[in-house]
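Just below is one structure, and these are the notes that go with it.
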Protein chains: 2
Amino acid sequence: MAAIGFTHHDHSCCIQNTVDVADKHCKQAGLQLTPIRKRVLEILLEEHRALGAYEILDRLRQENLGSQPPVAYRALDFLVKNGFAHKIERMNAFVACTQPGEVHTPVFMICRECDTVAESASELSKSQLGRTAKDLGFTIERIVIEAEGLCPNCQDATAS
Amino acid sequence: MAAIGFTHHDHSCCIQNTVDVADKHCKQAGLQLTPIRKRVLEILLEEHRALGAYEILDRLRQENLGSQPPVAYRALDFLVKNGFAHKIERMNAFVACTQPGEVHTPVFMICRECDTVAESASELSKSQLGRTAKDLGFTIERIVIEAEGLCPNCQDATAS
DNA sequence: CTTGATATGTTATACTATGACGCTTAACAA
DNA sequence: TTGTTAAGCGTCATAGTATAACATATCAAG
């Protein structure tokens, strides 16, 4: 169960690979990865961090890709709906998905200091919740699991 | 792992018992369960449903207990901070806690049709997440687990 | 070439949340 | 008593998040 985000890694690969995957996936599925949508995905990928919709909108505005809220929200809706990004409910913010294309129940570790987000996967939680849900007669359609705390870097910074 | 909310039960007991527990707990801990705070707790307890802050504010207004947003948010902050209520991040709304006083990692099952919320507990998820966090060097301070779907009642309603 | 589907541009507005300041009250020390 | 502090509340103003609704544009299919 690997999770990227808190550790050093070749970041430019993150961006290029994921955009390529998204490109391919969209073509196969008949979806349009338009310039705006692609750019929003890139912006999210540039950071392993949760970005607010208005923060994204600011960048779009700078690049003349749109200036009104719906522009950002539509692109984000598209990305979330198709599994290229996730919404962090705790923060009303968005992150790029690190496992696009694969069905997964994401688990997020969110640093309250630097907003860095690490995405991990959790099979166990899902099956466990499934059992509880079944007992209750509840049908689960979506699961949100978010852990908030301090990432390694910010712990070190605080300690010093 | 019991969970109330979707099933029939003696509801007036829910309210009275929980308010009593809160009363006692506050006295012991030197906290003030003021009229506003108590009333907000009661309002939340009247439904096993997520209520928005403004929905609560409306009721307070009707009863002349306050008319400005901060009044509701302060009371809610108090209740959440002291474990008498939870915030449902997915909905920007609040529910009364069904296990006040006990340390727990709540799991919520939220019906997307009627907003009913059932609170359950999950030891397993916690330890599992703890392991992942440890691997990453991440320190968890708070965990949000929310499952969205259809409650038994709304499934039946849809089917008919 | 027209129709329908999809995406985008734009205006306006709704919903959620908090900062800041002043007043009141209660507890306690001087 | 008076002064001081802390907590709660009343209120105004504003910040932050999100969407409804309608106009325009583009493109592929019929």
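All values below were derived from every heavy atom in this structure, side-chain atoms included, with hydrogens, water molecules and symmetry-related copies excluded.
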Salt bridge check: are B/E146 and B/R112 linked by an N-O gap of less than 4.0 Å?
no
In B/S/- notation (B base, S sugar-phosphate only, - none; protein heavy atoms under 4.0 Å), nucleotides 24-30 of chain D written 5' to 3' is -------
Near-strand residues of residues 57-77 of chain A, defined as heavy-atom separation under 4.0 angstrom from DNA chain D:
A/P69, A/P70, A/Y73, A/R74
Does A/N92 have a side-chain nitrogen or oxygen under 4.0 Å from the phosphate oxygens OP1 or OP2 of D/dG16?
no
Side-chain (B/E148) to main-chain (B/I110) donor-acceptor, under 3.5 angstrom:
no
Side-chain donor or acceptor of A/H11 paired with backbone N/O of A/H9 under 3.5 Å
no
Verdict with supporting geometry, A/H86 and A/F94, ring pair (Phe, Tyr, Trp, His ring centres under 6.0 Å)
CA-CA 6 Å; A/H86 298 286; A/F94 302 82; over 10 Å; no
May I have the distance from A/R90 (atom CZ) to D/dT17 (atom P), rounded to whole angstrom?
13 Å
Quick one: is A/K87 getting a side-chain N or O under 4.0 Å of the D/dT17 phosphate, OP1 or OP2?
no
Establish, from distance only, whether the side-chain atoms of B/D10 and B/S12 form a donor-acceptor pair under 3.5 Å.
yes
Taking every non-hydrogen atom, the tightest pair across B/C151 and B/C111
N-SG, 3.5 Å
What is the distance from CZ of A/R39 to C1' of C/dT8, rounded to the nearest Å?
18 Å
Return yes if some donor-acceptor pair links the side-chain N/O of B/R49 with the main-chain N/O of B/V117 below 3.5 Å, else return no.
no
For the pair A/R142 and A/E89, find out whether any cationic side-chain nitrogen is under 4.0 Å from an anionic carboxylate oxygen.
yes
Rounded to the nearest angstrom, tell me the gap between atom CG in A/L33 and atom C1' in C/dT8.
15 Å
Can any side-chain N or O of B/E119 pair as donor or acceptor with the backbone N or O of B/T98 at less than 3.5 Å?
yes
Check: B/F78 and B/V80 side chains under 4.5 Å, non-hydrogen atoms:
no
Please determine whether a side-chain nitrogen or oxygen atom of A/K38 lies at a distance below 4.0 Å from atom OP1 or OP2 of C/dA7.
no
For nucleotides 4-8 of chain D, print each protein N/O atom paired with a nucleotide N/O atom at under 3.5 Å, atom names and distance only.
{"residue": "D/dG8", "atom": "OP1", "partner": "B/R37", "partner atom": "NH1", "Å": "2.9"}
{"residue": "D/dG8", "atom": "OP1", "partner": "B/R37", "partner atom": "NH2", "Å": "3.3"}
{"residue": "D/dG8", "atom": "O5'", "partner": "B/R37", "partner atom": "NH2", "Å": "3.2"}

For the side chain of B/E46 and the backbone of B/L41, is there at least one donor-acceptor N/O pair under 3.5 Å apart?
no
Give me each pair satisfying side chain to side chain donor-acceptor pair (under 3.5 Å) with a member in residues 66-79 of chain A, each pair once, sequence neighbours excluded.
none
Is it the case that the base of D/dA15 and the side chain of A/Y54 share a donor-acceptor contact (distance under 3.5 Å, atom types as modelled)?
no
Got a list of protein N/O to nucleotides 25-28 of chain C N/O distances below 3.5 Å?
none

Looking at residues at least two apart in the chain, or sitting in another chain, which of them share a ring-ring contact (aromatic ring centres under 6.0 Å, His included) with B/H25?
B/F84
